[in-house]
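Shown next, in structure tokens, is the structure this report addresses.
These figures come from a predicted structure and were not determined experimentally.
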Amino acid sequence: MNKTLFFFVNMTPFPFGIFIIGALFIFHFTYPGFWMFMIINAAFDLFQAFVMSPIFEKLDIYTLKEMNHFLLFVLMMVIAVLLFLYQKWQDTAFKLSIK
């Protein structure tokens, strides 16, 4: 029986690897344009959720047990919005600390 303290210990590198690298790469080239970031990120996330994820599942790299590919896409989009909002918040805090 396998027990862990944190749910993310059993997760594959997928959400911490290509997803975050791709989101940050897109973010770097599109910030501060929210809509451009979301459109390009949505295309990248669609590719990951509906093309790469099934390939990884067929290769037995991982299996989506309690989530389908659409929910994986939604989760990646929510994380992208949170990333954008966090950066906006940091920009505001940085500008206030300079004054």
Side-chain angles (χ1 to χ4, degrees):
M1 182 147 94
N2 187 7
K3 291 186 179 183
T4 60
L5 293 175
F6 302 104
F7 70 91
F8 55 82
V9 172
N10 290 326
M11 291 177 71
T12 65
F14 178 73
F16 303 115
I18 186 85
F19 166 70
I20 196 68
I21 298 299
L24 290 174
F25 187 74
I26 294 166
F27 187 77
H28 174 74
F29 289 106
T30 60
Y31 189 78
F34 176 75
W35 292 112
M36 182 62 72
F37 170 70
M38 290 307 292
I39 290 168
I40 294 173
N41 194 66
F44 183 73
D45 291 348
L46 280 168
F47 178 75
Q48 282 187 275
F50 295 104
V51 176
M52 293 306 297
S53 186
I55 291 171
F56 290 153
E57 288 179 303
K58 286 184 190 236
L59 294 173
D60 287 330
I61 294 174
Y62 68 82
T63 302
L64 295 176
K65 292 183 180 180
E66 297 180 18
M67 181 180 296
N68 61 28
H69 297 286
F70 177 74
L71 289 177
L72 178 63
F73 169 72
V74 170
L75 177 64
M76 289 189 287
M77 290 301 292
V78 167
I79 292 171
V81 170
L82 292 175
L83 173 69
F84 193 90
L85 292 174
Y86 177 78
Q87 183 60 42
K88 281 293 196 184
W89 174 62
Q90 287 297 309
D91 285 351
T92 304
F94 186 69
K95 286 177 187 174
L96 291 176
S97 69
I98 291 177
K99 289 183 181 180

Path from Val81 to Ile39 over hydrophobic side-chain contacts below 4.5 Å: no

With rounding to the nearest 0.5 angstrom, report the [atom1] to [atom2] distance, [X] to [Y].
X     : Y     : atom1 : atom2 : answer
Ile21 : Ile26 : CD1   : CD1   : 11.5 Å
Leu64 : Phe56 : CG    : CZ    : 11.5 Å
Leu83 : Met76 : CG    : CE    : 14.0 Å
Phe70 : Phe73 : CZ    : CZ    : 7.0 Å

Counting C-beta onward and ignoring hydrogens, is there a side-chain heavy-atom pair between [X] and [Y] closer than 4.5 Å?
X     : Y     : value
Thr30 : Met38 : no
Phe19 : Asp45 : yes
Leu46 : Val51 : no
Pro32 : Gln87 : no
Gln48 : His69 : no

Contacts of type ring pair (Phe, Tyr, Trp, His ring centres under 6.0 Å), residue Phe50, not counting sequence neighbours: none

Ring pair (Phe, Tyr, Trp, His ring centres under 6.0 Å) involving Tyr86 - partner list, sequence neighbours excluded: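 Once residues adjacent in sequence are excluded, the partners of Tyr86 under the ring pair (Phe, Tyr, Trp, His ring centres under 6.0 Å) criterion are Trp89.
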
is_close_aromatic(Tyr31, Phe37), centroid dist under 6.0 Å: no

How far apart are the closest heavy atoms of Pro54 and Ala49, and which atoms are they?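 Closest heavy-atom pair between Pro54 and Ala49: CD-O, 3.6 Å.
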
Over all atoms of both residues, closest heavy-atom pair of Leu71 and Asn68: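 For Leu71 versus Asn68, the nearest heavy atoms are N-OD1, 2.8 Å.
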
Remaining members of the apolar cluster that contains Phe29, side-chain heavy atoms under 4.5 Å: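 Result for Phe29 is Phe25.
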
Atom CE of Met36: over 12 foreign heavy atoms under 6.0 Å: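 Open.
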
